[in-house]
Amino acid sequence: MEKTFPLKIGLEIHGYLDTKEKLFCMCKTDFLNSEANSVVCPICTGQPGSKPMLPNKVAMDKVIEIALVLGCKINHDKNLVFQRKHYDWADNPKGYQTTISGAYSLPCAENGKFDGIRITECHLEEDPAQWNPETGGINYNRSGLPLVEIVTEPDFRTAEQVVSWLKNLVHSLSYIHALRKNGGIKCDVNISTYGDRVEIKNLNSLEKISKAIEYEIARQLENHEKGIVQARETLAFDEAKGKTIKMREKESGADYRFIPDPDLPPMKLDEKQINAVKKTLPEMPSEKLDKLIKKYKVDKANADILIKNLELVDFAEELGKSTDVAKSISWITIELLRVLNYNKKSLDDEGVEIKPAHLAELISFVDKGEITVLKAKQIMNEFVPKSFSVKEKMAGSIGKLSEEDTKKFVEQAISENKKVFEEYKSGKKESLNFLIGCVMKLSNRRADFAKVREIFEGR
Ligand code: ADP
Ligand code: MG
Ligand code: ZN
C-alpha cells in the first residue's frame with residue numbers, strides 16, 4: 001500500500017567481525033563457549049596502566065572487504081584516527097569505547113550503495129562488556145571484540161523493506177565470511193514521520209526490528225493527530241509489551257567528549273592491499289543465482305538452495321565443469337546436504353574436505369550403470385568429513401554385481417527363506433519385496449534392484 005505520510009527509516013548496524021582474537025589484545029573471541037570472565041586480560045578489562053596493542057589486522061581487512069561489498073569509497077589516502085568515546089556505564093571498564101566512528105573522525109569507508117540503499121559510512125569499533133541488568137553481573141568476555149558499524153542513509157520506507165534488506169546484507173556478508181557465524185547483528189533504527197527523528201536502540205533480531213518499526217510509526221502518527229510534535233529522542237523497545245519506551249533525550253556528539261586516543265597511532269589503509277582484496281571478492285548471491293540459472297540451467301528452486309551458502313554454489317559450479325550439473329543437482333541439494341546435516345557439518349567447517357571431482361566420479365559410475373543409486377547414496381555417507389575416489393574402491397568391493405553373481409544371492413535368499421518364497425510363488429506380492437530386500441542386504445546393495453526382480457519373476 002502506498003504510504004501517504006512522510007516516513008524515513010535509517011539504520012546503524014553492528015556486526016561481530018569473525019576474528020580469532022579481540023581488537024586491541026590477544027584474548028580469544030570464543031566468548032559464547034567460554035565461562036564468564038575467562039577470556040580477559042588487563043587490556044580488555046581496562047586495568048590502570050594497560051595500553052591497547054595495535055588493532056587486529058584481520059579485523060581491519062574484514063572492514064575493507066565489507067566496505068567493498070557495500071560499494072563504499074575507502075579512505076585509504078588519509079589518516080584514520082581511533083577516538084575515545086566516553087560514557088559512564090557498568091559495561092564500559094575504561095570509561096570510554098575505542099572507535100573510528102563519531103562526529104570527529106574520518107570513516108574507514110563512505111558513500112556506498114547496497115541493494116538500492118545508500119550507505120553513509122562503515123567503521124570499526126570495540127564491543128563493550130555484557131551487563132546483566134537483573135543481577136548486575138558483568139561478563140568481560142565480549143569486551144574488546146571487534147565490531148563493524150554500518151550506517152545507512154534514511155532510505156527505507158517500510159518495515160518489510162528493512163527486514164528483507166538486512167537478510168540480503170547478512171547473506172552477502174556470509175559470502176566473505178566477514179561476520180561471526182551465529183553472531184547475529186544489532187541494529188539501532190532511526191525513524192521520522194512528521195517530527196524529528198527518534199532512535200530505537202539495540203534491536204537484536206529481525207522480528208524485534210520489524211515489530212518496533214511498525215509500533216513506532218503508528219505511535220508517531222497517533223501523536224501527530226493529537227498535535228504532539230516529536231522531539232529528537234532515544235528509545236528502547238520493550239519486547240514483552242510490544243512498545244517503544246523513551247530512554248533519554250538524544251545525546252549529542254559533545255556528550256561523548258570524543259578525543260583521539262593517544263595510545264593508538266593514526267593509521268592508513270594500504271591501497272595496494274585494498275586492490276588485492278578487491279580481486280579476491282567472490283560474486284554475490286544475486287550474481288550466483290543468475291549464473292546457476294542461465295549458465296548451468298539449474299531450476300530456480302534448486303538454485304535458491306545452492307546460493308544459501310557460498311561453498312555450496314562453488315561446489316556446484318566446480319561439479320558443472322565435468323558433469324551436467326542441472327541433471328545431477330539432487331546429488332548436491334538432497335544427498336550432499338543430507339549427509340552434511342546428519343553429521344552437523346557444513347562444507348566450510350574445519351576438517352571437512354569434500355571434493356566435487358569425487359562426487360563427479362561417483363555420478364559418472366551411476367550414469368554408466370556400474371554402481372547402483374542405492375550404493376552410491378551409501379558411499380556418500382562416508383564422504384563426510386573427507387571424500388575419496390570411488391574408482392580405487394571399485395575393484396570388487398562396491399561395483400554393481402554381474403548377473404551371474406546376482407543369481408547366486410537370489411538362490412541364497414531363497415534357501416534362507418523357503419517359506420516366504422513359497423508364499424511368493426502362491427501369489428503373495430509383499431513376499432517378493434521381502435525377498436528382494438534380502439538380496440540387497442546379502443549383496444551389500446551391489447545388486448541391481450530391477451535385475452533381482454527380473455530373476456525372481458523368472459523362477
Ligand atoms: P547519531 O549520532 O544520531 O547516531 P548518526 O549519524 O550516527 O547519528 O546516525 C544517523 C542515522 O539516522 C542514520 O542511520 C540515518 O539514516 C538516520 N537518519 C538521519 N536523518 C533521518 C531522518 N530524518 N529520519 C530517519 N532517520 C534519519
Ligand atoms: Mg547513533
Ligand atoms: Zn584481552
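Remember, predicted model here, so these are calculated numbers, not experimental data. Read the numbers this way: they start at 1 and go in the same order the structure lists the ligands and their atoms. Heavy atoms only: backbone and side chains are in, while hydrogens, waters and symmetry mates are out.
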Requested in this report: Can you tell me, to 10 degrees, how wide the angle at the Zn ion (ligand 3) is between SG on C25 and SG on C27?
Outcome: 110°
Report task. Please determine, by modelled atom types, if S101 and H123 share a side-chain donor-acceptor pair under 3.5 angstrom. Result -> no
Requested in this report: Could you list which atoms of ligand 1 come closer than 4.0 Å to a heavy atom of E153?
Outcome: 16 (O)
**Report entry** Chi angles and distances behind the side chain to side chain contact (heavy atoms under 4.5 Å, CB included) call for F5, I217
**Finding:** CA-CA 10 Å; F5 50 87; I217 294 172; 3.8 Å; yes
Query raised in the report: What part of L11 sits under 4.0 Å from ligand 1 if we count only heavy atoms: the side chain, the backbone, both or neither?
Result: backbone
Report summary line: Within 4.0 Å of some non-hydrogen atom of K8, the atoms of ligand 1 are 23 (N), 24 (N), 25 (C)
**Report entry** Enumerated ligand 1 atoms positioned under 4.0 Å from heavy atoms of R232
**Finding:** 3 (O)
Query raised in the report: Which ligand 1 atoms, with their elements, are less than 4.0 angstrom from a heavy-atom of G10?
Result: 14 (O), 16 (O), 26 (N)
**Report entry** Contact check, E121 vs ligand 1, heavy-atom distance below 4.0 Å
**Finding:** no
Query raised in the report: Which option, T152, D155, V151, owns the non-hydrogen atom nearest atom 15 (C) of ligand 1?
Result: T152
Query raised in the report: Among Q220, E225, R219, whose side-chain contact (heavy atoms from CB on, under 4.5 Å) with N223 holds?
Result: R219
Query raised in the report: Does any N or O in the side chain of S34 come within less than 3.5 Å of the main-chain N or O of D30, such that one atom is a donor and the other an acceptor?
Result: yes
Query raised in the report: Given E126 and K94, is the salt bridge (charged side-chain N to carboxylate O under 4.0 Å, His left out) satisfied, shown in steps?
Result: CA-CA 12 Å; E126 62 174 344; K94 296 186 291 190; 2.7 Å; yes
Query raised in the report: Given SG of C41 on one side and SG of C44 on the other, what angle do they make at the Zn ion (ligand 3), to 10°?
Result: 110°
Requested in this report: State plainly whether the residues D155 and R118 are in salt-bridge range, i.e. N to O under 4.0 Å.
Outcome: yes
Report summary line: Heavy-atom proximity to atom 27 (C) of ligand 1, picking from K201, R197, R118, points to R197
Report summary line: Closest heavy-atom approach to atom 26 (N) of ligand 1 among N190, I117, I13 is made by N190
Query raised in the report: What's the verdict on salt bridge (charged side-chain N to carboxylate O under 4.0 Å, His left out) for K321 and E318, showing C-alpha distance, side-chain angles and the deciding distance?
Result: CA-CA 5 Å; K321 287 183 184 159; E318 192 59 36; 3.1 Å; yes
Report summary line: Exactly one candidate in V298, L337, L359 meets side-chain contact (heavy atoms from CB on, under 4.5 Å) with I332; the answer is L359
